[in-house]
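Report on the structure given below.
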Amino acid sequence: MESRSPSIACIGIIGRHNNPLHISLLPVTGQDGQPNQERNRLEYTFMLNSSLDIFEARMPSKTVGHDFGLLHALDEPIALYGWLTNTGVKLIIVVDMGGRTAQTAEAGKTAILGLRTSDLTPAFQALQTAYIRLLRNPFYVPDDHDPRTTKLRGSLEITSSRFIKEVERIGRTWYPGITAI
Amino acid sequence: MEASSSSSKVTVEYHDPSAVFPLVSRSIAERLPLRNLNWQSPSRPLRQIRQLHVEFVPDKAAKTELRPPTQRLDSSGPTSLDIVRGGRDDRTVTKERRHQIPGLKTSPYLKIYVLRCDDKDKYKESSRNAIRDWIKENARTEGKRGEEHDAFEWMILHVVIPDTIAAGEPRWRESAKEPDELKERKTSNIKIPGKSKGTVFDRLRADFNESSKSGQDRVSQIRLQKSDVPRDLLPTPAVATTLEETPQERELAWKDLMDKFKVMLLVPFDTRVRKYEADIAEQEARRSLPGWNFNTFFIHKEGLAKALESIGLVEDALAIYDELLFGLETAVRDLASGQADGTATSFAVCTDDIEARILDTKVEGANGTHDDHASRTYSRLLEKDYRAKIVRSDISVFDFFSYMFSRQQALILRLANTHAARAEMGASSLKEGGEDLVLMSEVCWRASAFIHNNSRTLRQDLLARYESLGQTIAPASLEALVSSWMYAVADHILRETSGPALAAAQLDGQSQQANGNPHKARRSEFDFATGANPYPQRHSSIMAGKRLTSESKRPTSVSATLGRESIGSPPPATRESVDVVAGVPGLPELANYRGELFIMQRRVLEQLAEKRGWRAGWADVKAADAREREAVVDIDLDDEADSEQTNGHVATTERRLASGEKSKTSSDQRPSDAVLSTTLTTLLDSEDSFRSAYERLSEQAMRYYALATQTKSVEALVGDLAMLKRQQGDLVSAEALFKHLCAGYETVGEGGVGRILSEREVRVMAFYADVLRKLGGDLRLGEEVRVLMKCLGVVAGWRMDRKQDVSENFESRSFGGFLDDVGVLGVRISSAAERSTKLKDSLTFKAGHYFGEVALNCEIIHPESRDGFVLRVRFRSVFEEEFQLDQVSLRLQGSKDAKVEMLVGNKRPATVSPGIVEVELESEVTTVGPFLAERITFHAGNLRFIHDFARLETSFAEVNGDSDSTTTRPSAQPRSPPHVFVFPSERAFDCQVSLAKEILLDRPRHLLLALSSGQNDIKKMTIRLRPTSAGLRLHLGKATHDGIAQIETADQKSAGQIQLSTLAQDTVTMVKIPYTVEQATPFISMRLDVRYQTAQGSFTFLDTVTRRHELPLDVDVRDVVQLSTLHSSFTLTTTHRLPIVLARSMLRESKVYAVEDLFGSEQDAVMVHRKSGAVLSYKITRKEMTATTLSRREAALELCLSYVSTEELLTTMMRRGFEESLLRSGYAALTRVLLPLMVDRCRELFAGSDELALAVLLNSVSMPSYEEMGWSEVVVVLPALVRKAVGTWLHSWHAENTKLPLDYTSDVARILQRSITLSVEVPTIDMAFCATMKLGTASSRAGPNTLILRLGQPVTATVEVKHTATWSAASVLGEKKSKAATSGAQAFVLDIQADAETWLLGGPRRVHFIPSEDEDENKPKVFEIVLVPLKPGRHLLPVVEIVAESTGTGDQEGGTVASATCETFYESRGRRVDVVRDVRTTVVFVPGGRGVATEPG
């Protein structure tokens, strides 16, 4: 039996008004790093949506722009971690504790122990950096992605392919114990 | 829990040789636990121990004593003592094992010698020595061990039995000064004669208290009351009289004892803590050294934790456990990552008995009831003798974590003061107050994290176990075991944390619902629903919007509706109930985490069920999705199975789902039930039982989430339940649930301005629509269509956005499958339209939500050989199927006159296929001018889609009222609606309106309508004119027309319109319509609407006409009346800046008057300016009288003026020149747009320019330039094809034509000549006088016209007055004479007005006279006067004025009487005389002379 190690299953960027800005799903990968199991988008949308409640519940006690840590351990392999930027954008990372094949036996063993909160900090920081970079893009109009101000009627999701690629890269790159992405 | 209960109390050992302790034990127990102890250690801040539970244990010696029967008697309730005595002591003995590592044994902190000494003699005899021995023994023990781990204190408790001598000894004395204050009797200075000094108590104190000042008082005394003591213990008869203690004294004695307990307990405790800390520090220091063992370290540190715990500092203990947990994680991590070289830490590979433990858990509580027994069976899951294993360093990691968790959980629960923990502490629940829900929620929170992490450890553990046994475990069995464990732990925690407060909160919610309408009571407080939040509200600008969207807009009562719908489930807690319990801190958290645990259980259940192929809720939809997708992609299943084998087991949810499903489908091999715990086995007995368990767990979780105001989670769960009901075929319940869910989406309002529905929500709605359709019925139809349309709107929105800016690749990846699924459920626009046809009323939607890029091509196209125009509307259909739009219509509104509206629509239904669609909209209207496209309406079935151009861009920020919230606003200015410039083709019908050239001022003026049929063969025509300027009246009934027949209709409706019959192609006809205005207005305007019918259909010509109504001329008349003639002079000025040219003028004579042009009538054209007018003079004489009477009008003269307006001339010349060039240029098709525009523009330009007036004067007018004409604006609206060329051509035209020659004699000018006929009334005067003043002889004539008068010389003058009645109305019109005239005595007053300084007047100044009837001109009336000139110089003669005398002021009833009119022509007016001194007499003054010599002249 191969040992598995944690990987990011899903990254959700949720806007200030709880509108999804971007949801990246990262597949379960096998031995060779090739995806062998897609994730169900709907299921993860439910997950992210429910986790917003926890953000809301913890909001007053947290100073803005903080790591919310473990939001919700859904079941054995799936756990959600949250981060709030000071503009009210929520970053949510869903970790699948057995999302990928452990590269080393040690990695497989440590994986069993779960994650430390600090494990995800680099990922959140990288996401925030990516988001800031997106905001600096003059063609990205934040108001168009805000249900209060937008004139678009469809999805308000971020469409910058660079940002999306960056998010996916972060999702793929992260592993427990990484120091910087 | 055994471990925790023994360590959460302090042990006190008592030595009770005389078995009196039971007598006081009850009183002691009443005063326990000890409260408010303050402990300070150098390394820590001051701690207050609020409660200290004390356990009294007899020492070995005491235990061997016979147990007094009173023990049972005096302990009726569960006291600490009872517990100690009852059950525990045996076990503590067996547990008592010596270890090298301290901290395991709960050695006593305090040892008490319970002394019964009835008198001093006995004390002396035996007691003292016994105590001494006891102390010695203890002191020896202390000395021998030399360890501070077991540090303790000792004390003596003297129990005084009543009726003994000791009882008679006083302890207290009264203070002299303060009677209330009790003081202990001093030992030294009391002497009682006949007795040895002191009491037993005094003796004790003297003997055993250390003498130094700092020494502890180790002696305490308790006096028993008679009632407390069994008879057999009392000495019979009473030895001494008992000194009765007052209650106050008794209390003080007890307080003294308790205080001593406190002090005595804290001292050894402090010693012990220091020792432990030292140990830990030592261990820490060794951490990096080889041979360090975490287990050893753990035992040391846990010793401290236990010490802290036992003394009641549970928080501190918990902190130590947290540190330990972290340490454990680190150790395990180090071990796992291979960095633990050199440490002696070792863990067992696996847990031997775990499988048995898991499977052993029996729960008889599937229905939610719970009792102590159940919780105890659960606790066995976590309970084990871990510490021995730790000490042996062979505990498994899983067990270690389990132990840590169970310890922490126990500690927190103790802190939280839960019911269970209290029961263990032996305290009554009534006394202790409520539970701390915050801490309970902490337990739940930790539990979910624990389950999450440790389940993996368990999995590993199990694998290792089987490996070590040399067996393999089937993945399914493994999963089953892990799942069972997870479920069981979650269940356990849920039981532990279900407190009365929570139950009360839930009950509250339910009872409120039972009351009926919960909304009524608490509606106003809905906004406070967030009050469940225990923290104060933050007011941050950033977060300001949060509440608004998420809280207030949400359905306020999640389950209020559900409850009433009665879906066969207990109604979940409502928002209102949250209000009720909002004040309880921690409740939302607790509810939330409990909800999470329920969800975790549900997931466990779901995962197990999936292996059996059972699904519920959304998971089923998910699976359906997966099936469908697989079917679509057509994956070879075998292939995948192979790859799965090579990949090995994938421990993710999905993988397991997939594999589970496959194993089921392929071999139908059920995972053996043996590996499941019994609980789960029953739950998963059948699909139905699974579903009911699922429903129960979902409802529980939902209820808790609702209590925690976790609306989103509640929503998700409601969705799950709805799906479950749908799967179960309970459509009615499903409908109710879905309806409730969708209501949340609805609250935002139509159009989705505030909120954009997510994919998830669309799916919910799609299912809702599906359920509605299945249920059927008229009522549901409307809802169904609405829901369908909302879904479609969202789907369309996504597609539109995607198409705009993202590559196909992205689209297919994110939404592809999902949108198809929605389609499967019948969410199609064609089906929505088809369903809507059955609706009674049409539903209106915003077109922008369904059709992308709705755009109007503003260029009009003229169809071949017919009037009207065609506009094209383009839009993008994002729907995948074709559907039909029954009608597309566009409303145009005149941009100048908003009341002009046109409706442009398509003739036949348009088929919409995916992609860009273009629909041609046809109009039969012929008109010129800019129009604003106002709205496009699409009709499909009973659905209406409206696209508003104008109102589309109201800022959203304004709508929401928070304009500050936006950071950037790139497109803030509202987009103006598209302009459509409509103009007719060259050969279209035309109607030109002009004012008639001839104006008769006293008659109604006329409008001329030139109707030209153009290419149309008109069969019938209706002209409608509506005045739009105030006071304008069009007399359509009196219209005249030539060459065309009018259809007379008596129809009332046809009033205000003219109906004309056929008009052949290319013919022009004129219609002349008289009009009047009620007030002088410079302009008149009207709306023209001509409907005409040809073989091709009926068409409309629309125009708004504004024409200048004001006359270009002002005429001023001055009349001078003489006896026989009347001189009239007319002054003409223009009312306009530009001059007019007066071509001809003529005063036409009437029957009464003859006219003689003084200057000659047919003169050359005269230019009339505004400031310098032309003057026309005529002499009017009376004609011979005819007998008949005439009206005034007939008598009046007519002034005919023919003129050419320069403005008109200029405009027309420009127009002609332009038109000619245009027709030559090849842009003839644009004539009908360019010409009217040019004319309009010219009018504007020429109207107000003074420069132009000057230029006209100089006869050189320069043409307005291209820019001045504003062509650039015009060119833009032209068809793109010719736009540029026309622009160039216009430029060149302007370049060629810079000067405009003004020729007033040209043909053009002649055509433009207009004429005005004014009727000029000659004034009628009753009497005309002609007065002459003639000077008499005294004057000498110096010249022909000059008279010379001498100063001071009187001159006689005669005033001759002639008169005539020729100009009187009677004479002219043959009317009856006026009243004054008929009376025959109309008197006139002749008034001579002379300047008093110049003339001295002799004779009458005023003369009344009556002119004779038949007076002859030759015989004038003569009045004589004398004039004396008083000043030399030139003077005018006095003026003679004749006025009619007003007859009788009072005798007529009318009061004032119109006196006769009269005019005086004073011939001598202006006649001058020279007044000179009479130089014939000279007065000479000689200076120095005697007198004045006078010489006669």
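Lettering follows sequence order; numbering is per chain, from 1. FYI, side chains are in, hydrogens and waters are out, and symmetry mates aren't considered; it's all heavy atoms of this structure.
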Chain A contact via B/V604 - side chain, backbone, both or neither, heavy atoms under 4.5 Å:
neither
Minimal non-hydrogen separation, A/L70 against B/W445, with atom names:
O-CH2, 3.1 Å
Residue among B/V397, B/N592, B/N454, B/T457 with most heavy-atom pairs under 4.5 Å to chain A
B/T457
Do you know the tightest heavy-atom contact between A/S51 and A/L71?
CB-CD1, 4.0 Å
N/O donor-acceptor pair under 3.5 Å between A/W174 side chain and A/F124 backbone
no
Which portion of A/I54 sits near chain B, non-hydrogen atoms under 4.5 angstrom:
both
Taking side chain as everything from C-beta outward and backbone as N, CA, C, O, which of these in B/M486 sits under 4.5 Å from a heavy atom of chain A? Side chain, backbone, both or neither.
side chain
Should A/E166 and A/R169 count as an ion pair when the cut-off is N to O under 4.0 Å?
yes
